[in-house]
Student: 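If you scroll down you'll find the structure; I have some questions about it.
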Amino acid sequence: MSKKYPFKTIEQKWQNYWETNKTFRVVEDPAIPREKRAYVLDMFPYPSAAGLHVGHPEGYTATDIYSRFLRMNGYAVLHPMGFDSFGLPAENYALKTGTHPRTTTEENIDRFRVQIKSLGFSYDWDREVSTHDPDYYRWTQWIFLQLYKRGLAYMEEVPVWYCPEMGTVLANEEVLTTPEGPRSERGNYPVERRPLRQWMLRITEYADRLLEGLETLDWPESIKAMQRNWIGRSEGANVRFTLEDSTEVLEVFTTRPDTLFGATYMVVSPEHPVVKEITRPAQAAEVQQYIDASRLKSDLERTDLAKEKTGVFTGAYAINPVNDERIPVWIGDYVLMSYGTGAIMAVPGHDERDREFAETFGLPIIQVVANPDVESWEEVPAGGRGATIAEAAFTGNGIACNSGEFSGQDTEAVKQSIITWLEQKERGTRAVNYKLRDWIFSRQRYWGEPIPLVHCGDEIVPVPEDQLPLTLPEVESYKPAGTGESPLAKVDEWVACGCPDGSDRPGRRETNTMPQWAGSCWYYLRYIDPHNTAKIADREKLDYWLPVDLYVGGAEHAVLHLLYARFWHKVLFDVGVVSQDEPFQRLVNQGMILGSDGMRMSKSRGNVVNPDDVVAEYGADSLRLYEMFMGPLRQSKPWSTSGLMGMHRFLDRVWRLGERELFDGEPPIALKKTLHKTIRKVGDDTRNLDFNTAISQMMILVNELYKEDTLYRGIWEPFLRVLAPYTPHIAEELWERAGYEAPVSCAEWPIYDEALTTDDQLTIVVQINGKVRAEFQADRDSDRDVLETQARSLEKIQSYLAGADVKRTIVVPNRLVNFVIG
RNA sequence: GCCGGAGUGGUGGAAUUGGUAGACACAGGGGACUUAAAAUCCCCCGGCCCGAAAAGGCUGUACGGGUUCAAGUCCCGUCUCCGGUACCA
């Protein structure tokens, strides 16, 4: 296909122009009113060795078009880019080759920067940040110290995923469940759970605020739902069961205190500490065997194998606090130690899992809630056992039965009254539980931010803020220490240091480093004041730009990154760094770009498209335009090279129009109308990020321009301004060639004339019983009876109406006339 | 299982929120230009029926019902696909 238009030269020329002139540099100008400022943010990339993927330019083009559009509309736009440059791949590479991760990372960053710049994005490159830069991570460490000082960072022994092969702890999200059991995401090595002392961040303390904050955000409902699920708040009660012949009390959390009368047994998790205390000698062997088996199982595939309920009786009995019934205590691995209290009251009548367990082991099932959709239920006499209900557990709300004084009330009421009753008797309390766990924050790796703490004897002393950054020492080997400690632990001269509190005590540096999430938790703040050496960022500047008005990125960060960043932002709000407690006002997830086979792009499928090749062959403008034309931004869509060629063809057509001589005369009214419709539609669609339909409108205009022999200046000039945010290079070049002062990037968005966006003549459809039978032209806003008369006068309609009984006539002005006939 | 989203031509997708279904593009077909090809320009393009053609008719937005003068759009039920999550008490 032809590549007539010299995109290579043009794109290079204008990229140089923008760079030399710092066209997109932005400063905090107080004269610009608040409502004319916008912070448009991309999720910054991890600079992988593979280079840019075609998925990156999708979101980046979207925000670029939006930013350019806003600028042309008089906005000050903060639109920065940077690199999430700490991370495991560079360190793994170092392990293999001995190359310093910094070297690899910085080479990759250089390559990424070139690739990103080749697409002509309007970033303010003066604000670029990289998370591995000591000037940057100095402030990551500073934030950690604020967390530490507020008691939000603590050390605890927790079971963590440990990879013996790599000698390091992995985050939950770095572990995949495979048919062979849990494996590391990178390298596919087996991993296992080990209890290790780790740094934890108390994100659970912010659970409610993280939940409530979602209400105020303009985010996709699906992402909010995922975060709500992740936080997993549930309300209920903690209920204390006394144990027979024991001083121990078994506490459970339940969301259904109203079913307490139906609790016929209890189950504790195999890891529960009370197991040791309560197991009777007769059951000891069996219990121990079960615990051992379940430990193995959890190391393998607990979730998948766990379809059938297993368990074992401890020999112990508990007393149901509401009716003093004696109920057996079992152990079962369907009860998780990590949720609630690690023990449950089992209500097999009204919980599917408990029901399944009870049926497996022949435990009694009592109905205590009547399904209101079924008329009757069996009232069991007090103390009656063995009365079962229907085929399955009824888990809905209904009317309490078999519940002593509480019978007859509805579920919600019983919940409240039983909680009150429990509280009065001091047998339980109202309680809220979360699925959300505290955040395991330490990694036994080299290539991350050192945690700025020093162990002085038993005391932990923070590195004073004015001594930050605490930089990474050079190491001889990137291999983990093999002791569950990071490679830093082997660097004696770095680890050994004086205690920073000024005493003579010897100190040992914390050798754990932070996870990759740390740097990306707050990068959007540093863009605001990237070179500040005294503060994380100047307060006035933060107030100038925050919150982020539009944040675009992939849905894969729906929970972790976006939750962690919100958490840190709220802490920084509490610390007084920022003035609002949510960082990202509006969030949009771009859809995935799939291979041309409709499958996820991957090397193994051989369907990967390299943006460099596309830019080389068709140009950045074609790539940008194609990625926006493929379909709605938020939707996943397959790549099509012929589709891309179509976009290139369109730009070629635009270019050839530009080779015509400009004519200053008055353009035909039809063309002017199309122009003004185009200005309006492209403006509206760009504002809504509906780029695909904006582009088709521009195509309509270009198609019409081709029907004329002359190119009218009055059409061409505004068209170039409309085109500019989408394909800025060709627009700049044509703008300059048309004799206007560059750059078009700084031109004003054209204003459309409302009157020219509407047609005076409209096609009115005539329907008979809702079926289109004819159509005619009518003046805009014609009266109803005028339309009806015109419709009736049509020959074809007359033949339909002849002899028919018109029961009703519906006239929709500017649209249709519908005759309902008998 | 649960939560979220989506099913429209050969393909990617439009459709002013109830008012001409298929804009725009890709692929395909035809024509013009050319010695020829490429490129370019113009035209056609959901299916079926009738017709030489023009016209016309029927049908059609996953499937089955419903509301309405009118349904891709609203309601009820079913199926399929994608994303997330999974014994969370």
Side-chain angles (χ1 to χ4, degrees), chain A residues 1-4 177 220-226 228-230 232-234 236 252-256 259 267 302-304 306-307 309 332-336 338-347 350-354 356-357 395 433-437 555-556 558-559 589 591-592 594 596 598 600 626 629-632 634-647 649-650 652-653 656 681 684 690 692-700 702-703 706-707 763-775 796 807-821:
Chain A
M1 85 165 291
S2 97
K3 287 169 211 161
K4 270 198 217 130
T177 20
E221 212 34 63
S222 60
I223 303 283
K224 289 200 205 181
M226 279 188 220
R228 283 191 198 103
N229 282 339
W230 192 265
R233 183 182 203 274
S234 48
V252 302
F253 172 73
T254 177
T255 55
R256 293 296 301 270
T259 61
V267 187
R302 188 148 150 182
T303 44
D304 236 39
K307 286 298 154 209
K309 295 277 177 290
D333 67 3
Y334 80 96
V335 175
L336 307 175
S338 57
Y339 184 79
T341 62
I344 60 157
M345 62 177 218
V347 185
H350 305 282
D351 182 283
E352 280 157 18
R353 297 151 301 177
D354 295 346
E356 212 186 303
F357 190 89
T395 57
N433 229 298
Y434 300 91
K435 268 200 284 193
L436 183 70
R437 304 261 67 89
E556 65 273 19
V559 176
N589 291 121
M592 219 183 324
L594 307 168
S596 47
R600 217 186 177 102
Y626 175 59
F629 186 71
M630 290 171 88
R634 300 160 180 83
Q635 194 172 303
S636 291
K637 51 245 158 191
W639 182 267
S640 151
T641 301
S642 51
L644 169 72
M645 279 158 55
M647 293 304 105
R649 197 173 300 147
F650 168 71
D652 209 31
R653 274 161 73 79
R656 279 183 279 113
K681 180 152 179 68
D684 289 350
D690 292 330
N692 54 332
T693 48
I695 294 166
S696 38
Q697 183 60 39
M698 290 192 266
M699 288 173 166
I700 290 170
V702 167
N703 288 345
Y706 260 84
K707 297 200 170 104
T763 304
I764 304 298
V765 165
V766 188
Q767 298 180 333
I768 303 291
N769 288 341
K771 290 196 179 190
V772 180
R773 297 297 180 187
E775 58 182 47
K796 199 173 163 204
K807 288 180 176 157
R808 213 174 140 185
T809 306
I810 289 113
V811 180
V812 182
N814 296 331
R815 295 211 192 281
L816 61 79
V817 179
N818 186 11
F819 295 105
V820 183
I821 60 177

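In this text, all values refer to a predicted model and were calculated from it rather than measured experimentally. Quick note on labels: first sequence line is chain A, next is B, and so on, each numbered from 1.
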Student: Quick check for you: among B:rA27, B:rU20, B:rC3, whose closest atom lies nearest to any side-chain atom of A:V765?
Tutor: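 Of B:rA27, B:rU20, B:rC3, B:rU20 is nearest to the side chain of A:V765.
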Student: When you measure from the side-chain N and O atoms of A:R600 to the phosphate of B:rC82, is any distance below 4.0 Å, counting only OP1 and OP2?
Tutor: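 So the side chain of A:R600 is outside the cut-off, no N or O lying under 4.0 Å from OP1 or OP2 of B:rC82.
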Student: Need one value for A:V820: base, sugar-phosphate or nothing, where a base atom within 4.0 Å counts as base even if backbone is also close, heavy atoms only.
Tutor: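 Sugar-phosphate contact only.
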Student: Above 12 or not: heavy atoms from other molecules or residues under 6.0 Å from CZ of A:R656?
Tutor: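 Yes - once you tally the heavy atoms of other residues, nucleotides and ligands closer than 6.0 Å, there are more than 12.
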Student: Could you give the distance separating B:rC2 and B:rG57 at their P atoms, to the nearest angstrom?
Tutor: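 Looking at atom P only, B:rG57 and B:rC2 are 48 Å apart.
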Student: Which part of the nucleic acid does A:R634 contact within heavy-atom distance under 4.0 Å: base, sugar-phosphate only, or nothing?
Tutor: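 The answer is nothing, as A:R634 stays clear of every strand by at least 4.0 Å.
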Student: Taking only residues two or more places apart in sequence or in another chain, which ones pass side-chain hydrogen bond (donor to acceptor under 3.5 Å, both in side chains) with A:N814?
Tutor: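 side-chain hydrogen bond (donor to acceptor under 3.5 Å, both in side chains) list for A:N814, sorted by chain: A:D781.
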Student: Under 4.0 angstrom, heavy atoms only, what part of the nucleic acid is A:I700 near: base, sugar-phosphate, or nothing?
Tutor: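 Answer is sugar-phosphate: A:I700 comes under 4.0 Å of backbone atoms only.
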Student: Would you measure the distance from the C1' atom in B:rA53 across to the matching atom in B:rC44 and give it in whole Å?
Tutor: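 My reading of the C1' atoms in B:rA53 and B:rC44 gives 15 Å.
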Student: Nearest heavy-atom pair of A:S636 and A:L594: which atoms, and what distance?
Tutor: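 For A:S636 and A:L594, the tightest heavy-atom pair comes out as CB-CD1, 4.4 Å.
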Student: Can you find a side-chain donor-acceptor pair between A:Y339 and A:S234 that sits under 3.5 Å?
Tutor: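 Indeed, the side chains of A:Y339 and A:S234 share at least one donor-acceptor pair under 3.5 Å.
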Student: Need one value for A:M345: base, sugar-phosphate or nothing, where a base atom within 4.0 Å counts as base even if backbone is also close, heavy atoms only.
Tutor: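 A:M345: no heavy atom of the nucleic acid under 4.0 Å.
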Student: Between A:Y334 and A:K309, is there a cation-pi geometry (under 6.0 Å to ring centre, at most 45° from the normal)?
Tutor: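 Cation-pi check for A:K309 and A:Y334: passes.
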Student: Mind checking which stems touch RNA chain B? I mean at least 3 consecutive Watson-Crick or G-U pairs, both distances under 3.5 Å.
Tutor: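 Stem segments, range with range: B:1-7 with B:79-85, B:10-12 with B:24-26, B:28-32 with B:40-44, B:46-49 with B:56-59, B:62-66 with B:74-78.
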Student: Walk along nucleotides 4-15 of chain B from 5' to 3' and tag each nucleotide B, S or - by protein heavy-atom contact under 4.0 Å, base first, then sugar-phosphate.
Tutor: S-------BSS-
Student: Could you measure between the two P atoms, the one in B:rG46 and the one in B:rA86, and give it in whole Å?
Tutor: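 Taking atom P in both B:rG46 and B:rA86, they lie 47 Å apart.
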Student: Name the closest nucleotide to the A:R815 side chain, picking from B:rA89, B:rG19, B:rA27.
Tutor: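 In terms of side-chain proximity for A:R815, the closest of B:rA89, B:rG19, B:rA27 is B:rG19.
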Student: Could you report the tightest heavy-atom contact between A:N433 and A:F253, atom names first, then the distance?
Tutor: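 Residues A:N433 and A:F253, closest heavy atoms: ND2-CG, 3.2 Å.
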Student: Side-chain N or O of A:R656 versus OP1/OP2 of B:rC41: is the shortest distance under 4.0 Å?
Tutor: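 Yes, such a contact exists.
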Student: Between B:rG56 and B:rU67, how far apart are the C1' atoms? Round to whole Å, please.
Tutor: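 Between the two C1' atoms, the distance is 32 Å.
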Student: OP1, OP2 of B:rG57 versus side-chain N and O of A:K796: anything below 4.0 Å?
Tutor: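 Yes, A:K796 has a side-chain N/O under 4.0 Å of OP1/OP2 on B:rG57.
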Student: Would you say B:rC42 has OP1 or OP2 under 4.0 Å from some side-chain N or O of A:N703?
Tutor: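 Indeed not, no polar side-chain atom of A:N703 lies that close.
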Student: Tell me if B:rG47 is syn or anti. Syn = glycosidic torsion within 90° of 0, anti otherwise.
Tutor: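 Base orientation: anti.
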Student: Determine the Euclidean distance between corresponding P atoms of B:rG28 and B:rC33; express it in Å to zero decimal places.
Tutor: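 Straight-line distance between the two P atoms is 23 Å.
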Student: Rounding to the closest angstrom, what is the interatomic distance between B:rU11 and B:rG18 at atom C1'?
Tutor: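 29 Å, rounded to whole Å.
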Student: If you check every side-chain atom of A:D333, which of B:rA89, B:rC87, B:rA25 has the closest atom?
Tutor: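 For the A:D333 side chain, the nearest candidate turns out to be B:rC87.
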Student: Test of understanding: with side-chain contact (heavy atoms from CB on, under 4.5 Å), list the residues that count as partners of A:A343, not counting sequence neighbours.
Tutor: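 Partners of A:A343 by the side-chain contact (heavy atoms from CB on, under 4.5 Å) criterion, ordered by chain and then number, come out as A:L250, A:V252, A:V268, A:H272, A:T341.
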Student: Within the pair A:R773 and B:rG56, is there a side-chain N or O less than 4.0 Å away from OP1 or OP2?
Tutor: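 Answer is no, no contact under 4.0 Å.
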Student: Would you state whether a donor and an acceptor, one from the side chain of A:K807 and one from the base of B:rC69, lie under 3.5 Å apart?
Tutor: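 In this structure, the two groups form no donor-acceptor pair.
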Student: For B:rG5 versus B:rA54, give the span between their P atoms, rounded off to a whole number of Å.
Tutor: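 Each nucleotide's P atom is 47 Å from the other's.
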Student: If the condition is side-chain hydrogen bond (donor to acceptor under 3.5 Å, both in side chains), which residues does A:S696 pass it with, not counting sequence neighbours?
Tutor: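 Result, side-chain hydrogen bond (donor to acceptor under 3.5 Å, both in side chains) vs A:S696: none returned.
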Student: When rounded to the nearest 0.5 angstrom, what distance separates CD in A:Q767 from CZ in A:F819?
Tutor: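 So the CD of A:Q767 and the CZ of A:F819 are separated by 10.5 Å.
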Student: List the residues meeting side-chain hydrogen bond (donor to acceptor under 3.5 Å, both in side chains) with A:T763, not counting sequence neighbours, and say none if there are none.
Tutor: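 Listed in chain order: A:Q777.
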Student: Roughly how far apart, to the nearest Å, are B:rA38 and B:rA15 at atom P?
Tutor: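 Those two atoms are separated by 36 Å.
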Student: What contact category does A:T809 fall into here, base, sugar-phosphate, or nothing, at under 4.0 angstrom with non-hydrogen atoms?
Tutor: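 Counting heavy atoms under 4.0 Å across all strands, no contact is made by A:T809.
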Student: Is it true that A:E221 and A:R228 have a side-chain N and a carboxylate O under 4.0 angstrom from each other?
Tutor: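 A salt bridge links A:E221 with A:R228.
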Student: A:R653 side chain: which of B:rA70, B:rA25, B:rC42 is closest?
Tutor: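 Comparing B:rA70, B:rA25, B:rC42 against the side chain of A:R653, the answer is B:rC42.
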Student: If you compare every side-chain N and O of A:K771 against the phosphate oxygens of B:rU59 (OP1, OP2), does one of them come in below 4.0 Å?
Tutor: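 For B:rU59, OP1/OP2 do have a side-chain N/O of A:K771 under 4.0 Å.
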